[in-house]
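All remarks here apply to the structure that follows.
In this text, all values refer to a predicted model and were calculated from it rather than measured experimentally.
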Amino acid sequence: MCGIVGYVGPQDALDVVLEGLRRLEYRGYDSAGVAVRVGNGASGELASAKKAGKLANLEKVLADQPLPSSTIGIGHTRWATHGGPTDRNAHPHLSADGRVAVIHNGIIENFAALRTECEKRGIEFSSETDTEVVAHLLAAAYDEAPAGVDRFAEAMRAVCRRLEGAFTLVATHADEPDTVVAARRNSPLVVGVGETADGTPEYFLGSDVAAFIAHTREARELGQDQVVEIDRARGLTVTDFSGAPAEPKAYTVDWDAAAAEKGGYDWFMLKEIAEQPRAVADTLLGRLGEHGELVLDEVRLSDQELRDIDKVFVVACGTAYHAGLIAKYAIEHWTRIPVEVEVASEFRYRDPVLDRSTLVVVISQSGETMDTLMALRHAKDQKARVLAICNANGSTIPRESDAVLYTHAGPEVAVASTKGFTTQVVACYLVGLFLAQVRGLKYEDEVAAIVEDLRALPDKVAEVLEQMEPVRALGRSLADANTILFLGRHVAFPVALEGALKLKELAYIHAEGFAAGELKHGPIALIDQGTPVIVVVPSPRSRESVHGKVVSNIQEVRARGARTIVIAEEGDEDVVPYADHVIRVPRTPTLLAPVVTTVPLQVLACEIADTRGYDVDQPRNLAKSVTVE
Ligand code: F6R
């Protein structure tokens, strides 16, 4: 997500901050900005500059209107969440009196209520962001805090106690010549501790160590719900939000700059696989309103228009299409509205039956896929309503849609989609529940119960990720395979398709996903002695003995010589006699299981491709954003 840099020390802060932002560019962003504190003595001023687009745009602004030199500065690259990627919405955000500048990574869930409160005090907002409330609240809290050495930190603690959601915040104040304060909850923040050649101490803040690795390798990791005050003379002081002292974890970074960008992982894809617990949690942040109603990001449709919907199409490409196949199970089950799922490149050419009461759900990580965009435009031409599930805020697809749910997964750099997929699946569940609720088919408490199950998913994904070593070893043993087949039933069928797609695109191995029941109608002939067959087994609690039927399918392929690799829930002993390898996943409600069962398949594909010596992040012939039809 957003990149954050802060600096207190003897060097020119603007130079250090801009260099840090450059090193964070890999995170992806759509605007950038900086602020420095200038002036001698206690009463100074803040100077800032910000601009939509790449860092070069900001640097041009700074070349035309240079900021005064300073030794305290903060800088930000923004990945838009609340509010489009514009100059106004770029960070830093200043308080109404111009005395506080704030940068932020994350989502403040209760910003709407806080904004109303500020507006009642007469404050006029100059952006659409959730972040700006923090600047105003911090300025007020600073004025109210008792004068003293840690006044600024006390103000930050008071504000943080009022915030809900995920945030890393870094702030500077015009009246604080030597101090920057920062805070974190659920979003990352690291402090770099260094010294210049003449032994003067200097301090850095970064959303990751890439921000300061050129200056120091000595880092301090902040814990959850902590505030750090960095003071030129007193150094670091860390407390929790109530003011109790806390000890940050000290460590030495042994990565070079390239490894730091990838968070120490060999590939961006591995980093993005590991980010899934956080990404899924972010998709779910702030989705339940005050009265238990589900909240999308943008809805330009009336409740009546939503109630009139009698047919849903889900349209997407590749991995996003697989998320759409899962959406069908959830939406039909929860709303009883018929759902058709279609690849975007086919949709408009077969003249689908669409009208005002049709909802077309388009799913796109990038928001720019041409096939999906053209399908969207066709749907709109036919007067259908369009709801977009998208990751890139400000992209074309959400702009042209009637309603939008952003996945908030943060930028995906690797070409193969991983966290993009799992967050799309979670977003599909939210859309299903949203429609059920609007149509009066689910009470608030029923929705809340399912949202609780959804909120348990990040921990379950984290649990799966902790057990991936044997899966990697298995991946290495499969690297010479010519063909690998994937089987699943019910929601595990799209997971099988996704597993096969990941393997094809990364490892260039022939792979196919099948509905397990279809095997006997032809594909079983492909099975030869030793053919690896990966079976995604539904929960033993799934309806109509789907589980039992898949166990039979495992026996059928094994009897024909297959090497069976089985993904099954903890405690599912029925699969053991027929599995050459079992990959365990935690117990998860049947409909939600794909978020968990897909993860080992991602790891497997990545490991096989790596073992075969291929570039995992940039597979041959593929592009991250496919902007041609
Ligand atoms: C596969 C993959 C692609 C994309 C597809 C749609 O790993 O990444 O199949 O899912 O090109 O892209 P978006 O979601 O950006 O529309």
side-chain contact (heavy atoms from CB on, under 4.5 Å) partners for Glu573, two or more places apart: Val576, Arg584
Pairs meeting criterion salt bridge (Lys or Arg N to Asp or Glu O under 4.0 Å) with involvement of residues 492-501, two or more places apart: Glu498-Lys502
Tyr429: ring pair (Phe, Tyr, Trp, His ring centres under 6.0 Å) partners, not counting sequence neighbours: none
Partner set under ring pair (Phe, Tyr, Trp, His ring centres under 6.0 Å) for Tyr321, not counting sequence neighbours: none
ring-ring contact (aromatic ring centres under 6.0 Å, His included) contacts touching residues 259-284 (sequence neighbours left out): Tyr26-Phe268
For Asp402, salt bridge (charged side-chain N to carboxylate O under 4.0 Å, His left out) partners two or more places apart: Lys380
With Glu272 via salt bridge (charged side-chain N to carboxylate O under 4.0 Å, His left out) - residues at least two apart: none
For Lys271, all residues meeting salt bridge (charged side-chain N to carboxylate O under 4.0 Å, His left out), sequence neighbours excluded: Glu275
Got a list of side-chain donor-acceptor pairs under 3.5 Å for residues 331-353, not counting sequence neighbours?
from: Glu332; atom 1: OE2; to: Lys328; atom 2: NZ; distance (Å): 3.3
from: Glu332; atom 1: OE2; to: Val339; atom 2: N; distance (Å): 2.7
from: Thr335; atom 1: OG1; to: Ile331; atom 2: O; distance (Å): 2.6
from: Thr335; atom 1: OG1; to: Ile337; atom 2: N; distance (Å): 3.1
from: Arg336; atom 1: NH1; to: Glu332; atom 2: O; distance (Å): 3.0
from: Glu340; atom 1: OE2; to: Lys311; atom 2: NZ; distance (Å): 2.6
from: Glu342; atom 1: OE1; to: Arg350; atom 2: NE; distance (Å): 3.0
from: Glu342; atom 1: OE1; to: Arg350; atom 2: NH2; distance (Å): 2.6
from: Glu342; atom 1: OE2; to: Arg350; atom 2: NE; distance (Å): 2.5
from: Arg348; atom 1: NH2; to: Glu629; atom 2: OE1; distance (Å): 2.9
from: Arg348; atom 1: NH2; to: Glu629; atom 2: OE2; distance (Å): 2.7
from: Tyr349; atom 1: OH; to: Glu629; atom 2: OE2; distance (Å): 2.9

Which residues share a ring pair (Phe, Tyr, Trp, His ring centres under 6.0 Å) with Phe167, sequence neighbours left out: none
Partner set under ring pair (Phe, Tyr, Trp, His ring centres under 6.0 Å) for Tyr614, not counting sequence neighbours: Tyr508
For residues 435-443, which side-chain N or O atoms pair as donor and acceptor with protein atoms under 3.5 Å away, sequence neighbours left out?
from: Gln437; atom 1: OE1; to: Leu294; atom 2: N; distance (Å): 2.8
from: Gln437; atom 1: NE2; to: Gly292; atom 2: O; distance (Å): 3.0
from: Arg439; atom 1: NH1; to: Arg307; atom 2: O; distance (Å): 3.0
from: Arg439; atom 1: NH1; to: Ile309; atom 2: O; distance (Å): 2.5
from: Arg439; atom 1: NH2; to: Ile309; atom 2: O; distance (Å): 3.3

